[in-house]
Amino acid sequence: MSETIAVIPGDGIGPEVVAEGLKVLQAAVGTDTYVFQHHELGAQRWQRTGEVLPDDELAALAQAKAIILGAVGAAPGSKAIPSGLLERGLLLKLRFSFDQYINLRPSKLYPGVATPLSESVVAQGPVDFVVVREGTEGLYAGNGGSFRTGTSQELATEISINTAFGVERVIRDAFRRAARRRGKVTLIHKHNVLVHAGGLWNRLFTEIAAEHPDIETDYLHIDAATIALVQDPQRFDVVVTDNLFGDIITDLAGAVTGGIGLSASANINAEGKYPSMFEPVHGSAPDIAGQHIADPRATISSMALLLDHLGRPEDAKRIEAAVDADIFANGTTPGTRRTEAIGDAIAARL
Ligand code: IPM
Ligand code: MN
């Protein structure tokens with residue numbers, strides 16, 4: 001019996017790149033493995049109906065085996081969306097409701113891909129690492145408020161939530177992933193200043209590291225980590241960090257490895273109690289929407305993450321290899337092939 005995958009194409013280039021993701025997914029596993037159930041959510045839905053994520057949609061999504069999300073965001077000239085409405089009301093609501101505590105973001109510098117890294121840094125060796133970003137806590141938790149709002153005496157707080165439970169499970173996940181890779185985990189935090197949250201992260205990291213004598217460990221403060229990403233990205237294998245540091249560092253990681261047009265991501269509930277969600281890191285790029293020039297390879301790589309999560313690691317590797325080969329053969333110059341042509345070419349390699 002086929003399993004249901006919920007699809008939220010979203011806005012802008014979202015539907016264009018998602019179509020190619022589904023094409024490649026089906027090329028990898030056939031047309032009978034999954035049925036796709038489309039959900040119209042995002043800026044256009046809100047502009048049309050005033051709804052962001054109605055309860056019945058959330059309930060339907062909860063039944064799916066996995067969720068594929070394109071991108072959401074308003075088109076220029078359309079009704080403006082209040083800042084945070086889609087972020088908090090849709091994306092983060094999905095991540096939190098479905099306890100997607102592992103935000104997994106791989107970065108690989110492909111040979112021949114244009115990078116802002118210097119030649120001497122590229123010559124140091126292959127860049128291939130994955131960030132395990134905590135996805136449900138930290139400064140994203142929504143614990144804050146404002147008082148005397150809008151006055152010159154306004155007071156605003158945003159408190160970072162870090163639970164031992166939440167920190168432990170994400171660090172354990174990072175160690176498990178390192179064991180499947182090159183065997184190194186780097187914790188990124190700022191425990192010299194954020195002594196409470198950083199203290200908790202550092203202590204649990206040290207304790208869990210002691211259980212894994214075969215895994216090499218490393219620590220960087222977030223500020224130093226931005227330097228290392230630009231000057232010595234080869235030092236990273238698995239990075240584990242909190243929600244906001246992970247948000248920032250993965251944009252930088254995407255930028256130094258050829259642009260976020262190639263960056264895949266997964267929001268994983270490792271126990272499978274809730275559906276995990278797979279999405280490109282990039283946004284809805286309304287400036288190029290409808291032109292069929294968007295690069296679908298971040299979405300296609302996210303399909304590999306989906307298959308790996310759904311217990312099909314061999315199929316995932318085939319997609320990864322097909323994307324690698326496509327990038328190697330065709331590079332990343334934007335606009336040289338249509339979105340559909342890139343999807344067709346990768347599907348054909350499977
Ligand atoms: C991302 C995005 C989101 C985040 C926003 C849109 C809520 O920047 O997926 O990295 O901050 O996590
Ligand atoms: Mn981000």
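Small disclaimer: the values here were computed from a predicted structure and weren't measured.
- Considering T250, N243, N267 in turn, N243 is the only one that fulfils the side chain to side chain donor-acceptor pair (under 3.5 Å) rule with R133.
- The distance between the ring centers of H189 and F205 does not fall below 6.0 angstrom.
- In this structure, a donor-acceptor pair under 3.5 Å is present between the side chains of W201 and N162.
- For E20 and T299, the side-chain atoms include no donor-acceptor pair closer than 3.5 Å.
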Working for salt bridge (Lys or Arg N to Asp or Glu O under 4.0 Å), residues K317 and D308: CA-CA 8 Å; K317 285 202 190 83; D308 191 58; over 6 Å; no

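- At most 12 heavy atoms of other shown residues, nucleotides or ligands fall within 6.0 angstrom of atom CZ in R180.
- Of the possible polar contacts, one joining the Q47 side chain to the K79 backbone as a donor-acceptor pair under 3.5 Å is found.
- Ring pair Y219/H221 is perpendicular by interplanar angle, where above 60° counts as perpendicular and below 30° as parallel.
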Sequence neighbours excluded and cut-off under 3.5 Å, please list the side-chain donor-acceptor pairs for residues 335-350, or say none.
| unit_1 | atom_1 | unit_2 | atom_2 | d |
| --- | --- | --- | --- | --- |
| T336 | OG1 | T333 | O | 3.0 |
| R337 | NH1 | D326 | OD1 | 3.0 |
| R337 | NH2 | D326 | OD1 | 3.4 |
| R337 | NH2 | D326 | OD2 | 2.8 |
| T339 | OG1 | H292 | O | 3.1 |
| T339 | OG1 | I293 | N | 3.3 |
| T339 | OG1 | A294 | N | 3.0 |
| T339 | OG1 | A294 | O | 2.8 |
| E340 | OE2 | H292 | ND1 | 2.5 |
| D344 | OD1 | K23 | NZ | 2.7 |

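- L244 and L187 are members of different hydrophobic clusters when ILVMFWY side chains are connected at heavy-atom separations under 4.5 Å.
- In this structure, S276 contributes its side chain and A66 its backbone to no donor-acceptor pair below 3.5 Å.
- Contact check on R177 versus D173 returns a salt bridge, with a Lys/Arg side-chain nitrogen under 4.0 Å from an Asp/Glu carboxylate oxygen.
- Side-chain polar atoms of S152 and E154 form no donor-acceptor pair below 3.5 angstrom.
- Counting only distance, with no hydrogens or angles, the side chain of R318 and the backbone of A28 share a donor-acceptor pair below 3.5 Å.
- The aromatic rings of H309 and F278 sit tilted, their planes meeting at an angle between 30° and 60°.
- S284 places no side-chain N or O within donor-acceptor distance of the main-chain N or O of I13, the cut-off being under 3.5 Å.
- Under the 3.5 Å distance criterion, the side-chain polar atoms of D237 are matched with a main-chain donor or acceptor of R182.
- For the residue pair H38 / E40, no side-chain donor-acceptor distance below 3.5 Å is found, with atom types taken as modelled.
- Remark: side-chain polar atoms of Q37 are not paired, donor with acceptor, to backbone N or O of A6 under 3.5 angstrom.
- Listed for the Q291 side chain is a donor-acceptor partner under 3.5 Å among the backbone atoms of D287.
- Side chain of T33 to main chain of V29: a donor-acceptor pair is present (N/O by atom type, distance under 3.5 Å, no hydrogens or angles).
- The pair R45-D11 fails the salt-bridge criterion, with no side-chain N (NZ, NE, NH1 or NH2) lying under 4.0 Å from an Asp/Glu carboxylate O.
- For the pair T49 (side chain) and E51 (backbone), a donor-acceptor distance under 3.5 Å is present.
- Side-chain contact of E271 with Y101: a donor-acceptor pair under 3.5 Å is present, judged by distance alone.
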